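The chain is numbered in sequence order, starting from 1. Both backbone and side-chain heavy atoms feed into the values below; hydrogens, waters and symmetry mates do not. Only a predicted model underlies this, so the values are computations on that prediction, with no experimental measurement involved.
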Amino acid sequence: MLKDITIGQFFPGNSAVHRLDPRVKIVLTVALIVLLFLAQGPVSYGLIILFLALVIGISRISPKMVVRGLKPILLIVMFTAVLNLFYTPGDYVWQWKFLHISVEGIRMAVFMVLRLMLLIIATSMLTYTTSPIQLTDGLERLLAPLKKLHVPVHELSMMMSIALRFIPTLIEETEKIISAQKARGADFDSGNLIQRAKAMIPILVPLFISAFRRADELATAMECRLYRGDVGRTRMRQLKIARVDICSMLFVAVLFAAVIALRRLGL
């Protein structure tokens, strides 16, 4: 299960999606999330699925990698589907005691599953095609107006990008600790829920120690390189909006308008 968690990973490439300005990618990702909550019909979801399929194809990210990233949320997806399926009122097609299945429940369950899966895919594509440095610069430039309110924009952006960057590292560290504990005879698969929770303590303690050690090493490395936040900081690559960025925003704007129009038509 840990190997299936791909969020935070970056896959270098030279595709049109990789070359997009990070600010544009962040804005388009937020717009796509809003679209997922605006969509209400099969046609709207179909357009969003086609758009994401087009993005995956252009980015040259393996579809298997994208699907693998959905495995960790299968339990949440199934739980959400069951709740919507059995507890949504409407025209009942099956009923037994307090359980019932309605036409509206089936529709709601299908759309909620699609919404969650597309939400994970959309946010994952942002980290797949954007390096941590680009993500930090993009967030900092987007949040730059908050500096007038004395908000530490650079520090917040740096913390968010570092947190995303270290997710794969912590997952790899967890796998090593689990393998080491199993080699010493630890059992994480048997027993009830409480016993399994207690068995996780030998994993969590060294994991937290390793995380704090890595954080201390990172802070020392940044201090040795005279890191002082955004004071006097320059960038080797300046962010510029190119023609492909404008075309991408126009394309998503058309998709946004189409989904809103389909929402009014109930499609």
Open item on the list: To the closest 0.5 Å, what do you measure between CG (Leu28) and CG (Leu255)?
Closed with: 10.5 Å

Open item on the list: Could you tell me if the side chain of Val17 sits less than 4.5 Å from the side chain of Tyr128, heavy atoms only?
Closed with: no

Open item on the list: Is there a path of hydrophobic side-chain contacts, each under 4.5 Å between heavy atoms, that joins Leu54 and Met65?
Closed with: yes

Task: Least distance between heavy atoms, His18 atom then Ile61 atom - done: CE1-CD1, 4.3 Å

Task: Minimum heavy-atom distance between Leu38 and Arg263, given as atom pair plus value - done: O-NH1, 2.8 Å

TODO: Drop me the distance from Asn14's CG to Arg60's CZ, to the nearest 0.5 angstrom.
DONE: 7.5 Å

Open item on the list: Is it the case that over 12 heavy atoms from other parts of the model lie below 6.0 angstrom from the CE atom of Met125?
Closed with: yes

Open item on the list: Can a donor-acceptor pair be found, under 3.5 Å and without considering hydrogens, that links the side chain of Thr130 to the backbone of Thr127?
Closed with: no

Open item on the list: I'd like to know if Val55 and Val30 are part of one continuous hydrophobic network [Ile/Leu/Val/Met/Phe/Trp/Tyr, side-chain heavy atoms within less than 4.5 Å].
Closed with: no

Open item on the list: Applying a strict under-4.5 Å side-chain criterion to I, L, V, M, F, W and Y, I'd like to know whether Leu114 and Met78 cluster together.
Closed with: no

Open item on the list: Quick check: do Lys240 and Asp21 have side-chain heavy atoms less than 4.5 Å from each other?
Closed with: no

Task: Any Ser248 side-chain heavy atom under 4.5 Å of Val252 side chain - done: no

Open item on the list: Under 4.5 Å between side-chain heavy atoms, counting indirect links through other Ile/Leu/Val/Met/Phe/Trp/Tyr residues: same cluster for Val259 and Leu50 or not?
Closed with: no

Open item on the list: With rounding to the nearest 0.5 angstrom, report the CZ to CD distance, Arg19 to Gln134.
Closed with: 12.0 Å

Open item on the list: Hydrophobic clustering (ILVMFWY, side-chain heavy atoms < 4.5 Å, transitive) - are Phe37 and Tyr45 grouped together?
Closed with: yes

Task: Sidechain-backbone polar pair: Asp245 side chain, Ala242 backbone, donor-acceptor under 3.5 Å - done: yes

- [ ] May I ask you to test the Leu142-Val27 pair for a side-chain heavy-atom distance under 4.5 Å?
- [x] yes

Open item on the list: When you measure from the side chain of Lys25 to the backbone of Gly138, do you find a donor-acceptor pair of N or O atoms at a distance under 3.5 Å?
Closed with: no

TODO: May I ask you to decide if Pro206's main-chain N or O and Ser210's side chain share a donor-acceptor pair within less than 3.5 Å?
DONE: no

Task: Any Ile26 side-chain heavy atom under 4.5 Å of Leu135 side chain - done: yes

- [ ] Compare all side-chain heavy atoms of Ile178 with those of Ile203 and state whether any distance is below 4.5 angstrom.
- [x] yes

Task: Residue from Leu52, Leu35, Leu262 passing side-chain contact (heavy atoms from CB on, under 4.5 Å) with Leu47 - done: Leu262

Open item on the list: With a 4.5 Å cut-off on side-chain heavy atoms, are Leu139 and Leu156 touching?
Closed with: no

Open item on the list: If I take atom CE from residue Met112 and atom CZ from residue Arg107, how far apart are they, to the nearest 0.5 angstrom?
Closed with: 13.5 Å

- [ ] Could you tell me the separation between the CG atom of Leu32 and the CZ atom of Phe256, rounded to the nearest 0.5 Å?
- [x] 10.0 Å

Task: Straight-line distance of Ser15 OG to Ile56 CD1, nearest 0.5 Å - done: 12.0 Å

